[in-house]
Asks: 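Pasting a structure here, questions to come.
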Amino acid sequence: MRRYCTNIIEMEIDGRDDLASCKLYATVEQKFKNKEVEITKSGSDLTVDGQTVTFTLSQAESAQFKAGEMAGIQLRGITAGGEAWGTNICGVEVSEALYEEVISYAGT
């Protein structure tokens, strides 16, 4: 995952064929020293295609994470019947960006 970039995160969830009917929450979290960054996406922020869940972190969201440190990503869900479940936490290293500003295409 790279800071100051739009990151598209795709998670393949083996063994769950009911993802489209679950209420889902995807969380990216990083703890370092006295700071914690936690971003959770749900509802229309997530796309489900079979056993794959995809979501995006914006430039501004990814900028909150510290480069050179690990972040954790976890998907949790709940079925209509009330079964709450969660994936193992996946670790991803946060990479730096040389130009540390949110950029836009507007104007020239």
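Just so you know, residue 1 is the first one in the sequence shown, and it goes up from there. Since this is a predicted model, take the numbers as computed values, not measurements.
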Asks: Kindly compute the distance separating CD1 (Ile13) from CG (Asp18), expressed to the nearest 0.5 Å.
Replies: 11.0 Å
Asks: Might you point out which heavy atoms bring Ser62 and Cys5 nearest each other, and give the distance in Å?
Replies: OG-O, 2.9 Å
Asks: Out of Glu100, Glu93, Glu96, Glu61, which residue meets the salt bridge (charged side-chain N to carboxylate O under 4.0 Å, His left out) rule with Arg3?
Replies: Glu100
Asks: Write down the atom of Met1, the atom of Leu57, and the distance for their closest heavy-atom approach.
Replies: SD-CD1, 3.5 Å
Asks: For Ile78, look at atom CD1 and say whether over 12 heavy atoms of other residues, nucleotides or ligands are found less than 6.0 Å away.
Replies: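 Yes.
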Asks: Among residues at least two apart in sequence or on other chains, which ones pass salt bridge (Lys or Arg N to Asp or Glu O under 4.0 Å) with Glu36?
Replies: none
Asks: Between atom CZ of Arg2 and atom CG of Leu98, what is the distance when rounded to the nearest 0.5 Å?
Replies: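 With rounding to 0.5 Å, CZ (Arg2) is 8.0 Å from CG (Leu98).
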Asks: Specify the closest pair of heavy atoms between Met11 and Phe55, including all atoms of both residues, with the distance to one decimal.
Replies: SD-CE2, 4.2 Å
Asks: Side chain to side chain donor-acceptor pair (under 3.5 Å): which pairs involve residues 63-90, sequence neighbours left out?
Replies: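 Those involving residues 63-90 are Arg16-Glu83.
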Asks: Between the side chain of Gln59 and the main-chain N/O of Ile103, is any donor-acceptor distance below 3.5 Å?
Replies: yes
Asks: Roughly how far, to the nearest 0.5 Å, is OG1 of Thr47 from NZ of Lys41?
Replies: 11.0 Å
Asks: For residues Tyr99 and Tyr4, report the shortest heavy-atom separation together with the two atoms involved.
Replies: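 The pair with the smallest heavy-atom distance is O-CB, 4.4 Å.
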Asks: Looking at Asp49, I want to see if its CG is surrounded by more than 12 non-hydrogen atoms of other residues, nucleotides or ligands under 6.0 Å.
Replies: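 Atom CG in Asp49 is not crowded, with 12 or fewer foreign heavy atoms closer than 6.0 Å.
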Asks: Roughly how far, to the nearest 0.5 Å, is the CG atom of Asp45 from the OG1 atom of Thr54?
Replies: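 The OG1 atom of Thr54 sits 12.5 Å away from the CG atom of Asp45.
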Asks: Nearest 0.5 Å, what's the CG-CG distance between Leu19 and Leu24?
Replies: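 Output value for this atom pair is 6.0 Å.
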